[in-house]
Amino acid sequence: MKYPFKEIEEKWRKRWEDNKTYKTDLTEKEKAIYTLVMFIYPSGSKLHCGHWYNYGPTDSWARLKKLQGYNVFEPMGYDAFGLPAENYAIKTGVHPQDSTFENIKDIRAQLKKMGCMYDWDAELMTCVPEYYKWNQWLFLQMYKKGLAYRKKAPVNWCPDCQTVLANEQVHGEGECERCGTMVEQKNLTQWFLKITDYADELLDGLKTIDWPEKTKVMQEHWIGKSYGAEVKFKLDGREDELTVFTTRPDTLFGATYMVLSPEHPLVEEITIKENLTAVQEYKEKVKSLSEIDRSSTSKEKTGVNTGAFAINPATGKKIPVWIADYVLMTYGTGAIMAVPGQDERDWAFAEQFDLPIIRTVQVPEGWEGKAYTEDGPAINSEFLNGLRVQDAKKKMSDWLVEKGLGESKVNFRLRDWLISRQRYWGTPIPILYCEKCGETPVPEDQLPVELPYKVEFKHDGGSPLASNEGFVNTTCPTCGGPAKRDVDTMDTFVDSSWYYLRYLNPKFIEGAFDTELGKRWTPIDMYVGGAEHATMHLLYARFVHKFLRDQGLVDCDEPFKRLIHQGTITNAGAKMSKSKGNVVNPDGFIEEYGSDVFRMYLMFMGPYELGGDWSDKGIVGVDRFVQRAYAIVKDNKNVMKHGRLKEKFEVAELSDEEKSVYRKVNQTVEKVSYEVEHFHFNTAVAALMELQNELAKNLEECSKEMKAYTLARFVTLLAPLAPHMGEECWQILGNEKGLYDNPVWFEVDAEGLVVDSVTVVVQVNGKVRAKLDLPVDKEQAEVKGLVFANDNVIAHTESKEIIKEIYIKNKIYNIVVKG
RNA sequence: GCGAGAAUGGCGGAAUUGGUAGACGCGCUAGUCUUAGGAACUAGUAUUCGGAAGGAUGUGGGGGUUCGAGUCCCCCUUCUCGCACCA
């Protein structure tokens with residue numbers, strides 16, 4: 001009979017739900033493990049292969065831990081605010097709240113079919129006041145500490161999403177993280193969270209967490225810490241100064257001109273009359289340039305002379321001040337000292353505009369390049385001459401401090417997190433503006449500031465909340481006078497930066513989360529999600545966690561101790577997406593093979609972190625495996641019921657077949673435990689297939705006790721990967737209690753692993769010439785005779801001079817000959 | 001341009017510290033059973049020479065270290081990802 005997956009999967013899902021098998025007792029800290037996948041965005045489309053690929057294997061890891069006796073907490077929820085629902089509303093008129101709730105209903109049903117051990121009592125969604133109230137609370141805590149502030153700044157504006165974006169949300173060559181549209185710059189007043197206050201700690205903390213190296217490198221680069229100095233340059237004939245940041249203070253003597261970013265506030269002021277038109281034209285031109293044009297490294301350098309001069313503080317000489325688009329207002333001070341001798345960009349610029357070049361580092365002999373950025377002795381630099389770069393930097397920095405011309409300075413690439421969004425479907429920012437008192441935070445006891453249902457969704461750039469008079473107009477909590485609410489909402493990454501704490505008790509009303517549980521259950525032991533969040537969600541969450549720690553609300557420094565990225569499943573080489581129409585729908589496979597087979601096939605496809613191109617070619621292989629496994633178990637119905645189960649066998653007393661089975665099953669217990677633990681699901685499945693091949697060959701010849709011993713292990717190993725089937729088989733073997741209600745995991749019998757004979761390969765000059773089956777641990781002297789008795793070995797060594805013999809016990813016997 | 005990773009049969013992919021390359025699965029070939037099978041089972045399956053025994057070649061390309069290299073070192077090619085004038 002074919003494995004009736006449909007009935008069986010339904011039967012166990014119902015049983016698990018009825019028994020609350022996966023309800024975690026969070027007060028029990030003993031052997032606690034918090035497993036988390038990034039929560040799901042409830043879009044209108046169905047769960048696709050990517051979701052299954054993310055959630056299924058992660059759940060198998062959690063199930064392994066559960067069977068091993070850990071108290072595992074694995075929740076699931078909905079990242080329910082966000083643009084797509086709102087865009088859908090603009091298109092169809094269906095309110096985001098209605099469509100979101102509807103989608104959540106569908107997705108919940110689909111998630112349940114996967115058969116993951118989610119603790120459904122911990123389910124949460126971010127779009128309800130019970131949740132977003134605490135986003136507002138979090139904002140106010142930061143506000144109190146001066147970490148939430150408003151400023152006018154050049155911000156990234158996505159014309160398609162009609163909203164501003166944080167720096168992290170601008171990708172590649174300047175396109176919007178969500179829609180890929182080219183982002184524009186606008187000068188607007190917006191709310192920021194001061195993530196830069198934590199820059200150093202965010203950087204240092206990376207050393208303490210078990211994350212993929214490339215993700216840590218990305219964050220490191222994103223934070224972009226660099227050591228250098230700030231140097232003040234007097235402007236010729238003016239009172240004000242220009243401050244630059246440089247990582248190479250040692251090259252100051254070679255600074256032959258300066259460059260300001262076109263957006264630099266002093267540009268217009270210092271430009272001489274004759275050059276003003278050119279400068280303004282250039283500024284206009286830069287403004288209209290796309291980010292691609294401006295950031296292209298290969299393009300010719302452009303710029304305009306302001307006509308103003310600054311004084312090089314080291315040489316006392318007048319140097320010209322230019323503006324150029326290669327200097328960015330958002331990095332450093334928006335101004336640089338140009339040292340063409342030691343900087344490639346400056347060299348290119350100097351060449352372009354015929355500006356002087358002075359080398360201040362001796363180039364090595366035979367150097368034919370242009371700018372020289374490596375180490376070497378200083379030249380043309382008076383008191384620095386002869387010093388290597390490191391020492392020259394130090395000496396120059398000291399000199400600058402002494403003369404009051406500058407100071408050592410650490411600079412970061414990391415910018416503050418812009419959280420205002422000119423959109424409706426998000427958390428209202430709990431700030432109001434009073435005519436008398438000005439910017440006023442909403443008192444905590446008046447939270448939540450509820451998102452009104454009735455607004456107009458227009459795709460025209462204004463915040464939709466502005467259209468609801470009842471929302472906008474309010475009274476000032478300080479003076480009672482009329483006030484207006486902030487009509488922007490928060491970036492949804494605020495929601496996801498602390499949700500893992502809310503899971504611990506989503507109904508908690510006394511605070512954002514139960515701090516007692518928060519302290520017990522963080523950091524999260526295993527976090528699994530896409531690599532695309534490397535510098536957004538995963539950075540924000542670390543920041544917020546550290547902030548909460550400083551508030552005394554959690555104890556640990558990092559939220560996610562161990563992180564794994566699932567690979568991407570592509571289709572015909574392309575990322576699956578609705579717009580490309582290449583999304584593979586899992587439903588058909590679930591229908592045909594069941595969810596256990598489908599998730600096991602996803603695991604079997606290849607290394608979890610690599611992903612791969614979708615193909616259904618091999619799924620029949622996994623299905624056959626499951627069918628055979630089921631048949632073997634059925635043939636041995638109730639085998640665990642009769643008599644006491646043996647925990648260990650004396651290998652010496654076993655028949656050859658039993659010995660073979662006994663060894664294989666113990667090897668498999670060891671292998672599967674290790675591989676699943678390390679997210680190597682493909683090899684875990686392969687190991688189980690190997691065991692099954694062994695069972696097909698030899699199980700019939702085994703004693704009943706051995707059959708019970710073996711099948712008990714086979715089924716428990718199978719259970720994390722194919723949970724419904726594991727339970728069913730466990731029951732067929734004669735167990736009354738469910739496997740996940742009464743977790744069982746078997747220890748390896750080390751003696752069962754011991755092999756008594758090994759194949760030793762005999763090589764002559766590194767080529768395999770014979771294979772000998774020998775008892776283990778034979779000494780060379782004992783093996784030698786056998787080796788040289790082998791016909792093929794004789795044929796290859798005869799009449800040749802033996803130079804050397806290498807023997808590695810139980811492995812290899814290599815003979816080196818000459819002639 | 002810089003940084004990281006990858007390249008193994010017809011295909012997806014295995015391979016502790018260097019020690020039998022190709023586990024496991026798909027596909028394919030032959031056979032068994034069957035009214036039939038795109039079912040199930042059994043055997044085979046890197047390439048190549050050979051009737052066989054056995055030999056030669058083989059982990060993107062080239063060099064090196066070693067008794068021995070998919071694995072370590074150097075150079076190159078291709079692909080994927082990330083960053084992109086960061087001062």
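Reminder, nothing fancy here: chain letters follow the sequence lines and each chain counts from 1. Nothing here was measured: the structure is a model prediction, and the numbers come from that model.
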Compute whether any side-chain donor of one residue and acceptor of the other, for A:Tyr813 and A:Glu805, lie under 3.5 angstrom apart.
-> yes
For B:A46, give its Watson-Crick or G-U wobble partner with both distances under 3.5 Å, or none.
-> B:U57
Would you call the rings of A:Tyr3 and A:Phe5 parallel, tilted or perpendicular, where under 30° means parallel and over 60° means perpendicular?
-> tilted
How far, in whole Å, is B:U59 from B:U8 if one measures between their P atoms?
-> 11 Å
Who pairs with A:Lys232 by salt bridge (charged side-chain N to carboxylate O under 4.0 Å, His left out), at least two apart in sequence or on another chain?
-> none
Would you kindly give the CD-to-C1' distance between A:Glu220 and B:A4, to the nearest whole Å?
-> 13 Å
Looking for any heavy atom pair under 4.0 Å, which part of the strands does A:Val217 touch: base, sugar-phosphate only, or nothing?
-> nothing
Partners meeting salt bridge (charged side-chain N to carboxylate O under 4.0 Å, His left out) with A:Lys214 (sequence neighbours left out) = none
If we take the C1' atom in both B:U20 and B:G70, what is their distance in whole Å?
-> 14 Å
Near RNA chain B, which residues from residues 406-414 of chain A have a heavy atom under 4.0 Å away?
-> A:Arg413
Test item: side-chain donor near acceptor, A:Thr759 and A:Asp773, under 3.5 Å | yes
Between B:G9 and B:C81, how far apart are the C1' atoms? Round to whole Å, please.
-> 27 Å
Touch check for A:Thr246, heavy atoms < 4.0 angstrom, all strands: base, sugar-phosphate only, or nothing?
-> sugar-phosphate
Taking atom C1' in both B:G68 and B:A52, compute the distance separating them and give it to the nearest angstrom.
-> 30 Å
Sequence-distant partners of A:Tyr608, ring pair (Phe, Tyr, Trp, His ring centres under 6.0 Å), two or more places apart | A:Tyr53, A:Phe679, A:Phe681
Between B:A4, B:C85, B:G54, which one does the side chain of A:Asn792 approach most closely?
-> B:G54
Pairwise P distance for B:U71 and B:G62, with rounding to whole Å = 13 Å
In 5'-to-3' order, the base (B), backbone-only (S) or no-contact (-) status of each nucleotide in nucleotides 9-31 of chain B, using a 4.0 angstrom heavy-atom cut-off, is ---BSS--B-BB--BBSSS----
Of all pairs that satisfy salt bridge (charged side-chain N to carboxylate O under 4.0 Å, His left out), the ones with a partner from residues 608-625 of chain A, not counting sequence neighbours = A:Lys2-A:Asp623
Expressed in whole Å, how much space separates the P atoms belonging to B:C79 and B:C24?
-> 35 Å
5' precedence on RNA chain B between A:Gly224 and A:Met218 (nearest-nucleotide basis) = A:Met218
Looking only at atom P, what distance separates B:G60 and B:G1, rounded to whole Å?
-> 24 Å
Is A:His565 touching bases, backbone alone, or none of the nucleic acid, heavy atoms closer than 4.0 Å?
-> nothing
Look for any protein N or O under 3.5 Å of an N or O in nucleotides 43-51 of chain B and output each such pair with its distance, or none.
none

Enumerate the residue pairs fulfilling salt bridge (charged side-chain N to carboxylate O under 4.0 Å, His left out) with a member in residues 338-351 of chain A, sequence neighbours excluded, ordered by first and then second residue.
-> A:Asp343-A:Arg345, A:Glu351-A:Lys370
Does any nucleotide pair with B:G5 by Watson-Crick or G-U wobble geometry, both distances under 3.5 Å, and what is it?
-> B:C79
Pairing residues for A:Lys697 by the salt bridge (charged side-chain N to carboxylate O under 4.0 Å, His left out) criterion, not counting sequence neighbours | none
Results of ring pair (Phe, Tyr, Trp, His ring centres under 6.0 Å) for A:Phe245 - residues two or more places apart only | none
P gap between B:U80 and B:G10, integer Å | 23 Å
With sequence neighbours excluded, what pairs up with A:Phe589 under the ring pair (Phe, Tyr, Trp, His ring centres under 6.0 Å) test?
-> A:Phe598, A:Trp614
Report the residues that fulfil salt bridge (charged side-chain N to carboxylate O under 4.0 Å, His left out) with A:Arg663, sequence neighbours left out, ordered by chain and then residue number.
-> A:Asp756
Searching all strands shown, indicate the nucleotide that pairs with B:G37 (Watson-Crick or G-U wobble; both distances under 3.5 Å).
-> none
Record whether the side chain of A:Lys301 comes under 3.5 Å of the base of B:C85 through a donor-acceptor pair of N or O atoms.
-> yes
For A:Glu694 and A:Ser660, run side chain to side chain donor-acceptor pair (under 3.5 Å): C-alpha distance rounded to whole Å, both residues' side-chain angles, the deciding distance at 0.1 Å, then the answer.
-> CA-CA 8 Å; A:Glu694 173 68 30; A:Ser660 174; 2.5 Å; yes
Using Watson-Crick or G-U wobble geometry with both distances below 3.5 Å, tell me the partner of B:G25, or none.
-> B:C11
With respect to the phosphate group of B:G5, does any side-chain polar atom (N or O) of A:Lys214 fall under 4.0 Å of OP1 or OP2?
-> no
According to a strict under-4.0 Å criterion, is A:Lys216 in side-chain N/O contact with OP1 or OP2 of B:A4?
-> no
